[in-house]
Each structure stands twice: as C-alpha cells, then as structure tokens.
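What follows is a single structure, written as structure tokens, with notes after it.
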There are 2 protein chains.
Amino acid sequence: MPNRKIATPITLIDVKSACSNCNLHELCLPLGLSHAEIEKLDEVVANRRRLKRGEHLYRAGQPFDAIYAVRSGFFKTDVLLEDGREQVTGFQMTGELLGLDGISTEHHSCNAVALEDSEVCTIPFLHLEGLSREIQTLQHHFHKVMSREIVRDHGVMMLLGTMRAEERLAAFLLNLSQRFTARGYSPAEFYLRMTREEIGSYLGLKLETVSRAFSRFQEEGLIAVQQKHVRILNTPGLKRLMSHQQGRG
Amino acid sequence: MPNRKIATPITLIDVKSACSNCNLHELCLPLGLSHAEIEKLDEVVANRRRLKRGEHLYRAGQPFDAIYAVRSGFFKTDVLLEDGREQVTGFQMTGELLGLDGISTEHHSCNAVALEDSEVCTIPFLHLEGLSREIQTLQHHFHKVMSREIVRDHGVMMLLGTMRAEERLAAFLLNLSQRFTARGYSPAEFYLRMTREEIGSYLGLKLETVSRAFSRFQEEGLIAVQQKHVRILNTPGLKRLMSHQQGRG
DNA sequence: AAGCCCCTTTGATCCATGTCAACGTGCGCG
DNA sequence: CGCGCACGTTGACATGGATCAAAGGGGCTT
C-alpha cells in the first residue's frame, strides 16, 4: 500500500462519465441499449472516481448506495473473518461491475481494493433502479449481470470444492486469458496484477502452493512465468489438466 | 431416486398459487408488498408444480423462462463437471427461490432436484420483470434477493477456501438451524434431507470426513446425531469451533 | 546509486483429509 | 415380515498441500 505523494489531490471528480462516448459499453451496463437509451443512462452514471493502487473503493460494513463499473484498472474483492483469515472473492477488470453484494443489506459485505491505479464510474443504485423501470432492455441486462455473477460464483465453488491445486491454477489462468481476450488484449501473454498470496486466497491455496504450481507448469512447458509476467504456451495442455483426477488432499 | 408408483399422475397443476393467501409471503418474493401489490403478483405466479423425491425441477442446459419459489419441501442445486465430479451449490427450503442462475444465459446452469416430495410456485420471468417495472417495492426486493444469493455464495467460498472440515460442518449446521428457526421450526432439532455425500459435496469434503466430523461433534457433546436426525446441544460450542485455527491439509 | 522491503522461489517435514476396505443399520419393497 | 440395498460408520493407510525455514530478486524510496 504505497502512499506515494501524487499530483492529483482529489479522487472524486465531478465529470460525466459519458457512457455514450465510452468505448467500453460493449462490455458494460449499456450493452444492448440504443443510442437514446445510453444517453439516458449518462444522466444516471454520476461521476468518475480515481483510485491509487492499494486504495479501497469501499469496505465491508459501509452503507451501500451505488454500484461501480471499472473503467480502467484492476480490483480485488475480499471478505475477512474476525480471526484475520481472508478470502478473495473475485478480481474485476475493465467493464465489470463492483458492489452488487451491497444491495442485499444496503451495506457492503466485502472490501473492494484497487490492485493498480484505476478509475471507476459511480452508478447510484436508486437511479439505476429508476431507469431500469423505464428501459426494459436495461432492466433485463442488469438482471443478466447479477445472474452472471451468481453463475461465476458457482464456478468458483466448483473449483474450490472439487479441484486440486494445479487444476485450480489452470482454470484461473484460462479464465484470465479469456477475459483479457474479450478486452482486445493478447490471450497468451499478460501481467498479473495480484500477488501469489492473493491468487492463493482466491483459489483456496497457500502462496507456496501457487508458486510451486507455476513452477511446475513452467517445467512442463505449459507456460512461461517470470514474476508477474505470464505467457501461456500450451492452452490445450492447461485445459486437459482440468478434466482429470478426483479428490483433494 | 425411488420411482414409486403413485396416485397423482400429473406434476404440473394449473392452480393459482395465491400469494395473497400464502402464509409464506414473509419469507418469499411478496415480502414488503402491500395487499394490492400482492394481488397483482398473484396474476404473475402462474401455477404450482409438485415434485416427488428425486425428481428434477430443471436440468443444466434447459432453456430458462421462469424462476421458482419453494412452497414446501427441500431441494438441492448442483453443477456437474464432464468427468462426473459434482458440486452441490446450495440447499433450498420453503420460501427460497430457485433458478436465478438461468437469467444470465437464458439457460439453466445447474440442476435442481427435490430431496423430498415438494411443491414450487412457477414465476414466469418476463412477467416478473414486467411487474417489477410497475411495482418499485417488488423490483427492489427482487434485487435484494439476487444480491443475497451473491452474498451467500461468497460465504460458501469463504467456507471452502479457508475453513477446515469441522469448521465447515459447524457452519453448515448453524446455518440450517438458523433457517429452520426463521420458518418457525426448532432451532435445535431437525432432520437432514440430504445424504452425507451431498453434505460433503456442498462442503468440499468426502462423505467419510463428514461422517467422522459428525461423530466427533457427538463425542464432544456438541450435538446428538442418529442418521439424519440431528439435535444441537451446544450452539456456542459450535460457533466457537468456527473462529479458530488456520489452514487446510 | 544504494538499500530495504516485499514478493517469490525452493527445500524439508508434517498433518488433515482423502482413499480403500469392511462392517453396521434402517428403510422400503416384495 | 424379512430381505436387500443404499446409506452411514469406523479403521488403517496414503498423500497433497500446509507449514516452517531460508535465500534470491526487483522495484520503490531515499
């Protein structure tokens, strides 16, 4: 959590996010909306907020009143147990939404932290509900986004409940690869924004186990890793890894 | 999956569920709605469907067009991997909703199976969306329900990612106890509707491990178990179990 | 440019839970 | 009413990943 002295003193900037001008809307909430509808949405997406690496977008327990769309950067969400144990519940990149968990109790139920300097669009939730009572497409798309989050979580449960360490890491890398691809980046080469410990927490493994699995993949020629830089050399090989043995030790 | 010969040949019964007369609405979708609003909802909740034990409400891959509210009985949802591995993603009881995962792709992404003879209300999803564009309370409540599902899944991820076997089982029993309590049943005594294997799948454990944990809890005087009959003798003791050590082996 | 600290890697050992096996038990069906 | 079978329990052993430990590397700070 480096607290570097920086030129920009304010993180809350009152500038229209302008969904209509945003090249992300194919990935984000406006997906499928007409131009006129997107302009209505512009009125709801109140402002942008910049975060430095390590900064919290929100913390568990804080009152909820908006969801956020990642405009640039990279986040993690996590849940802390009283005894200090941490579970990373997800990593969010460009175009993905943050804060959906807060709707339930009107308080955030997890922490959201920027893993690199990032920018989000703030979407006041009551406004979004209002607009989605008017625009059926928006309503339906929002429901799909929430549902997708549920499906995603089931995938993670599957991973945590039935897969062994190397399968989990393979699944994780393939998932990242696919999401980078969808954003126009290379499917085969990327920088991890999170530490081995955060990967481990997400995958239910210790950081040493994650590190060893990386090394093993490298030995087997499946990937090339150096620190946070990953190149996938053999995608089918990684996929094959995932459909094998039973059990967890 | 006993295929008993039964008197009732039809499972799809065209009878109004009548939310307005249903004593469950404090637990279910109509929560917080006015009487007039509940009557509108009655028009949407198309019909009831009865399922025998072992019967599927829906299967992964089937087209999605409705969500379901459990009116009576008990369900599990699960996801299957190609290689046969199963992950139980949840157990649903009276008043809880099934099928939210299907909204995302318009196809169900998991299987829903009745663990005892059960009855559900069918809620055609497009109708629900239509009505929730009219009734803000309903819209907001529905969003809360979806969000609650996300929060619940994060809890399971925490459990699978950071807890050891006995902690997981303690968390599971306390959760069941709390949900039975909310439904007016005894918090301390209930019948499990699922097998040790299903519990194990949900908790990311093998059935033998679940069985041993039950036996251990019994030795320690925390519970009394006999087969599917469970009595909780020491709730604080179970809670204490959950806030201890690190690590998974 | 140097130094520090965090992250990562790797090795050695341990332990929780998986695996395999055998036996017990109660429900449902014939 | 009793038999069979799925479910549950318990024991012995195997092992994957955790734990403990130590050393190397890279980037940010000074």
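So you know, we letter chains A, B, ... as the sequences are listed, proteins then strands, and number each from 1.
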[atom1] of [X] versus [atom2] of [N]: gap in Å, rounded?
X	N	atom1	atom2	value
Leu169(A)	dG16(D)	CG	P	17 Å
Lys52(B)	dG28(C)	NZ	C1'	14 Å
Gln226(A)	dC7(C)	CD	P	18 Å
Leu192(A)	dT9(C)	CG	C1'	15 Å
Leu115(B)	dC7(D)	CG	C1'	14 Å
Arg53(A)	dG27(D)	CZ	P	11 Å
Lys206(A)	dA16(C)	NZ	P	14 Å

Next item on the list: Check for a donor-acceptor pair, side chain of Tyr58(B) on one end and backbone N or O of Gly99(B) on the other, with a separation under 3.5 Å.
Entry: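 Yes; judged by distance alone, with no hydrogens or angles, the pair exists.
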Check: Listed by chain and number, what are the side chain to side chain donor-acceptor pair (under 3.5 Å) partners of Thr89(A), not counting sequence neighbours?
Finding: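 Thr89(A) satisfies side chain to side chain donor-acceptor pair (under 3.5 Å) with Thr77(A) only.
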Item checked: Contacts of type side chain to side chain donor-acceptor pair (under 3.5 Å), residue Glu220(A), not counting sequence neighbours ->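 Here the qualifying residues are Arg216(A).
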Checklist line | Atom CD of Glu116(A): over 12 foreign heavy atoms under 6.0 Å | finding: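 Atom CD in Glu116(A) is crowded, with more than 12 foreign heavy atoms closer than 6.0 Å.
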Item checked: Of residues 207-221 of chain B, the positions that come close to DNA chain D - non-hydrogen atoms, cut-off under 4.0 Å ->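 Within residues 207-221 of chain B, the residues near DNA chain D are Leu207(B), Glu208(B), Ser211(B), Arg212(B), Ser215(B).
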Note to self: At less than 4.0 Å, is any side-chain N or O atom of Lys228(A) found next to OP1 or OP2 of dG26(D)? Yes or no.
What the structure shows: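 For dG26(D), OP1/OP2 do not have a side-chain N/O of Lys228(A) under 4.0 Å.
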Note to self: Can you pull out every ring-ring contact (aromatic ring centres under 6.0 Å, His included) where at least one residue sits in residues 184-204 of chain A? Sequence neighbours excluded, please.
What the structure shows: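 Applying ring-ring contact (aromatic ring centres under 6.0 Å, His included) to every pair that reaches into residues 184-204 of chain A, excluding sequence neighbours, yields Phe91(A)-Tyr202(A), Phe172(A)-Tyr202(A), Phe180(A)-Phe190(A), Tyr191(A)-His229(A).
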Check [Y] with [X], please: is the shortest side-chain N to carboxylate O separation under 4.0 Å?
X	Y	value
Arg152(B)	Glu149(B)	yes
Glu86(B)	Lys76(B)	yes
Asp117(A)	Arg53(A)	no

Next item on the list: For Glu96(B), check salt bridge (charged side-chain N to carboxylate O under 4.0 Å, His left out) against everything at least two apart and list the hits.
Entry: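 Testing Glu96(B) for salt bridge (charged side-chain N to carboxylate O under 4.0 Å, His left out), a comparison that skips the adjacent residues, returns Arg179(B), Arg183(B).
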Check: Given axes from five pairs at either end, by how many degrees does the helix from dA1(C)-dT30(D) to dG30(C)-dC1(D) bend, rounded to 10°?
Finding: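 What I find for the helix from dA1(C)-dT30(D) to dG30(C)-dC1(D) is an axis angle of 50°.
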Item checked: Gln227(A), nearest nucleotide to its side chain (from dT8(C), dG26(C), dC28(D)) ->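 When the side chain of Gln227(A) is considered, dT8(C) is the closest of dT8(C), dG26(C), dC28(D).
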